[in-house]
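In what follows, a structure is listed as C-alpha cells, so that the remarks can point back to it.
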There are 2 protein chains.
Amino acid sequence: MNIGTASEKSGLPPKTIRYYEEIGLLKADRAGNGYRDYSMSDVHRLRFLQRSRSLGFSVEECRQLLSLYGDKERESADVKAIAEVKLAEIDRKIAELASLRDALRHLVHNCHGDERPDCPIIDGLAGNGTVQ
Amino acid sequence: MNIGTASEKSGLPPKTIRYYEEIGLLKADRAGNGYRDYSMSDVHRLRFLQRSRSLGFSVEECRQLLSLYGDKERESADVKAIAEVKLAEIDRKIAELASLRDALRHLVHNCHGDERPDCPIIDGLAGNGTVQ
DNA sequence: GATAATCCTTCCAGTTGCTGGAAGGTCAAC
DNA sequence: GTTGACCTTCCAGCAACTGGAAGGATTATC
C-alpha cells in the first residue's frame with residue numbers, strides 16, 4: 001500500500017513516516033514507480049511507533065523497543081534484559097499517570113470555586129514519589 | 001532556594017527550568033544578587049511539569065494543566081471542562097501503556113528463541129484499538 | 001584576605017523530532 | 001489529454017530543549 005494508506009492506518013502523518021525512514025527507523029519497499037510500498041507488518045510497526053512516541057518514549061527508545069521483535073539474530077537473554085528495563089519504565093509511567101488522574105479528579109470534585117492560595121492538591125499533582 | 005536546589009528537588013535540569021521561565025511557564029522571584037529564588041510551591045509546579053512532560057503532554061498542554069490550579073480567577077466550570085478532557089486523555093494513555101506492557105510481557109515469556117518470521121505478538125505491540 | 005572552586009547569570013549556537021512548502025513526477029477519472 | 005489527488009525530494013522553520021562561552025557571586029581553603 002502507498003504511504004497515504006499507511007498513514008491512515010497507523011495514525012502517523014506521511015511526513016513523519018518519511019522522517020522515520022530517513023533516520024533508519026523503518027525502511028519501506030519501493031514500487032516500480034518509486035513510491036514507497038508498505039505491508040501490514042510495516043503498518044503494525046508504524047502504529048507501534050505512534051503509540052510509544054505519544055507515551056513519552058524517545059525515538060532511540062522506540063528503536064530499541066522495535067528491535068525486540070524485529071531482530072531475529074538477537075539473543076533471547078538480551079531481548080529479555082531490554083524488555084525488563086522497559087517494563088519497569090512503563091509501570092512507572094502508568095503509576096504517574098494514575099496519580100495525575102487522581103489529582104485532577106480530586107481538583108474537579110473538591111476544589112472548584114475554592115480560592116485557597118495554597119491548595120494542598122498541588123502536592124498530589126506534583127506527586128510525592130522520589131525522583132528517579 | 002537557588003536554581004540548583006530546585007533542580008535537584010524537581011528532577012528538571014537548570015537549563016530546562018530557565019527555558020520554562022523564558023517561555024512564561026513558571027517565573028521565579030529574584031534574590032538581591034540576581035539569582036532566581038524558588039519556593040516549595042514552585043518546586044511542586046516544576047515537579048509536576050517534569051512528570052507531565054515525560055508522559056507525553058506538550059508544553060502547551062502542561063500550561064493548561066498548570067492553569068487549572070494556578071489561576072484563581074478562572075471559572076470553576078471552565079476548570080472542570082479542561083480537566084475532563086485531560087482526564088479522558090490520561091485514561092487513554094494509561095490503557096495504551098497497559099497494552100504495551102502486556103505485549104512486552106508476552107514477548108518475553110512466550111517468544112524468546114522462537115524465530116517465526118511474523119510473530120503474531122506484533123499485533124499486540126502495535127495495539128488493536130482505533131486510531132483517534 | 002587572596003585564591004580557587006562552585007555556583008549563578010545571559011546569550012548564542014546546536015540537536016531532536018518533526019512539519020510546512022516548493023518544484024516536479026505519477027496515476028485515476030472525466 | 002487534462003484536471004486533481006496522490007507521490008517524490010529538498011530545504012527551511014518550529015518546538016523543546018541542551019551545550020558552551022564569558023563573566024559575576026558565593027563559598028571553601030590556604
Side-chain angles (χ1 to χ4, degrees), chain A residues 1-39 42-43 45-67 86 89 93 96 131-132, chain B residues 1-39 42-43 45-67 86 89 93 96 131-132:
Chain A
M1 78 192 75
N2 284 349
I3 200 171
T5 314
S7 166
E8 265 174 50
K9 285 185 192 290
S10 68
L12 284 172
K15 283 270 182 187
T16 305
I17 297 178
R18 289 193 198 97
Y19 172 70
Y20 286 167
E21 179 169 328
E22 192 188 321
I23 62 171
L25 257 192
L26 187 125
K27 107 174 212 295
D29 286 344
R30 293 290 173 134
N33 54 13
Y35 287 15
R36 286 170 182 83
D37 185 25
Y38 295 90
S39 66
D42 290 331
V43 168
R45 284 173 166 79
L46 287 171
R47 182 133 175 63
F48 167 73
L49 286 170
Q50 188 275 322
R51 304 188 119 207
S52 39
R53 285 293 297 131
S54 83
L55 294 167
F57 289 99
S58 75
V59 164
E60 281 320 303
E61 287 174 316
C62 290
R63 200 191 295 274
Q64 254 193 351
L65 285 167
L66 261 187
S67 81
K86 291 301 165 196
E89 203 170 329
K93 278 175 189 284
E96 290 192 349
V131 182
Q132 84 291 12
Chain B
M1 77 193 76
N2 284 349
I3 200 170
T5 314
S7 165
E8 264 174 51
K9 285 185 191 291
S10 68
L12 284 172
K15 281 269 179 187
T16 305
I17 297 178
R18 289 194 199 98
Y19 172 71
Y20 286 167
E21 180 168 329
E22 193 188 321
I23 62 172
L25 256 192
L26 188 124
K27 105 174 214 295
D29 286 343
R30 292 290 173 134
N33 54 11
Y35 286 16
R36 286 170 182 84
D37 185 24
Y38 295 90
S39 66
D42 290 330
V43 169
R45 284 173 166 78
L46 288 171
R47 182 132 174 63
F48 168 73
L49 286 171
Q50 188 276 321
R51 304 187 118 208
S52 39
R53 284 293 297 130
S54 83
L55 293 168
F57 289 99
S58 75
V59 163
E60 283 319 303
E61 287 174 317
C62 291
R63 199 190 296 272
Q64 256 192 349
L65 285 167
L66 261 187
S67 82
K86 291 301 166 199
E89 202 170 330
K93 278 176 189 284
E96 290 193 349
V131 182
Q132 86 290 14

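To find a chain, count down the sequence lines: A is the first, B the second, and so on, and within it residues start at 1. Bear in mind the structure is a predicted one, so any value in this text is a computation, not a measurement. What you see below is based on every heavy atom in this structure, not just the backbone, and it leaves out hydrogens, waters and symmetry mates.
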Item to check | Given DNA chain D, 5'-ward residue of the pair T5(A) and S58(B), judged by closest heavy atom | outcome: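 This one resolves to T5(A).
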Checklist entry - For DNA chain C, whose closest nucleotide is more 5', that of P13(A) or that of P14(B)? => result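 Nearer the 5' end of the strand: P14(B).
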Next on the checklist: Among residues at least two apart in sequence or on other chains, which ones pass salt bridge (charged side-chain N to carboxylate O under 4.0 Å, His left out) with R63(A)?
Outcome noted: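 Salt bridge (charged side-chain N to carboxylate O under 4.0 Å, His left out) check on R63(A) returns E60(A).
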Checklist entry - Quick one: salt bridge (charged side-chain N to carboxylate O under 4.0 Å, His left out) partners of K86(B), sequence neighbours excluded? => result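 By the salt bridge (charged side-chain N to carboxylate O under 4.0 Å, His left out) rule, K86(B) matches E61(B), E89(B).
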Checklist entry - In chain order, what residues pass the side chain to side chain donor-acceptor pair (under 3.5 Å) check against S54(A), with sequence neighbours excluded? => result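 Applying side chain to side chain donor-acceptor pair (under 3.5 Å) to S54(A) gives none.
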Checklist entry - Who pairs with T5(A) by side chain to side chain donor-acceptor pair (under 3.5 Å), at least two apart in sequence or on another chain? => result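 With sequence neighbours excluded, T5(A) shows a side chain to side chain donor-acceptor pair (under 3.5 Å) to no residue whatsoever.
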Set out, line by line, the N/O atom pairs under 3.5 Å between protein and nucleotides 20-22 of chain C.
| from | atom 1 | to | atom 2 | distance (Å) |
| --- | --- | --- | --- | --- |
| dG20(C) | N7 | K15(A) | NZ | 2.9 |
| dG20(C) | O6 | K15(A) | NZ | 2.9 |
| dG21(C) | O6 | K15(A) | NZ | 2.1 |

Can you check the [X] [atom1] to [N] [atom2] distance for me, whole Å?
{"X": "N2(B)", "N": "dG24(D)", "atom1": "CG", "atom2": "P", "answer": "19 Å"}
{"X": "E60(B)", "N": "dC17(D)", "atom1": "CD", "atom2": "C1'", "answer": "15 Å"}
{"X": "E61(A)", "N": "dG17(C)", "atom1": "CD", "atom2": "P", "answer": "10 Å"}
{"X": "L49(A)", "N": "dG17(C)", "atom1": "CG", "atom2": "C1'", "answer": "13 Å"}
{"X": "L46(B)", "N": "dC17(D)", "atom1": "CG", "atom2": "P", "answer": "12 Å"}

Item to check | Residue pairs involving residues 11-23 of chain B (criterion salt bridge (charged side-chain N to carboxylate O under 4.0 Å, His left out); sequence neighbours excluded) | outcome: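 Counting only pairs at least two positions apart or across chains, the salt bridge (charged side-chain N to carboxylate O under 4.0 Å, His left out) contacts touching residues 11-23 of chain B are E21(B)-R30(B), E21(B)-R36(B).
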Checklist entry - What pairs with N2(A) under side chain to side chain contact (heavy atoms under 4.5 Å, CB included), at least two apart in sequence or on another chain? => result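 By the side chain to side chain contact (heavy atoms under 4.5 Å, CB included) rule, N2(A) matches Y35(A).
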Item to check | For the student: nearest non-hydrogen atoms of L46(A) and S10(A), plus distance | outcome: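 Closest approach of L46(A) to S10(A), heavy atoms only: CB-CB, 3.5 Å.
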Item to check | Which atom of L12(B) lies closest to which atom of L49(B), heavy atoms considered | outcome: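 For L12(B) versus L49(B), the nearest heavy atoms are CD1-CB, 4.4 Å.
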Checklist entry - Distance check: side-chain N/O of R53(B) vs OP1/OP2 of dA16(D), anything under 4.0 Å? => result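 For R53(B), the contact criterion (side-chain N or O under 4.0 Å from OP1 or OP2 of dA16(D)) is not met.
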Check the interface with nucleotides 27-30 of chain C: list each N/O to N/O pair with the protein under 3.5 Å, or write none.
| from | atom 1 | to | atom 2 | distance (Å) |
| --- | --- | --- | --- | --- |
| dC27(C) | OP1 | N33(A) | ND2 | 2.8 |

Next on the checklist: If you define the side chain from C-beta out and look only at heavy atoms, does anything of S39(B) sit under 4.5 Å from D42(B)?
Outcome noted: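 A side-chain contact exists here, since the closest heavy-atom pair is under 4.5 Å.
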Item to check | Side-chain heavy atoms of R53(A) within contact of Y20(A), under 4.5 Å | outcome: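 R53(A) vs Y20(A): side chains touch.
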Next on the checklist: Test side chain to side chain contact (heavy atoms under 4.5 Å, CB included) on M1(A) and V43(A); report intermediate values, then the result.
Outcome noted: CA-CA 10 Å; M1(A) 78 192 75; V43(A) 168; 3.7 Å; yes
Checklist entry - Which residues within residues 16-30 of chain B lie with some heavy atom under 4.0 Å of an atom in DNA chain D? => result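 Those residues are T16(B), Y19(B), Y20(B).
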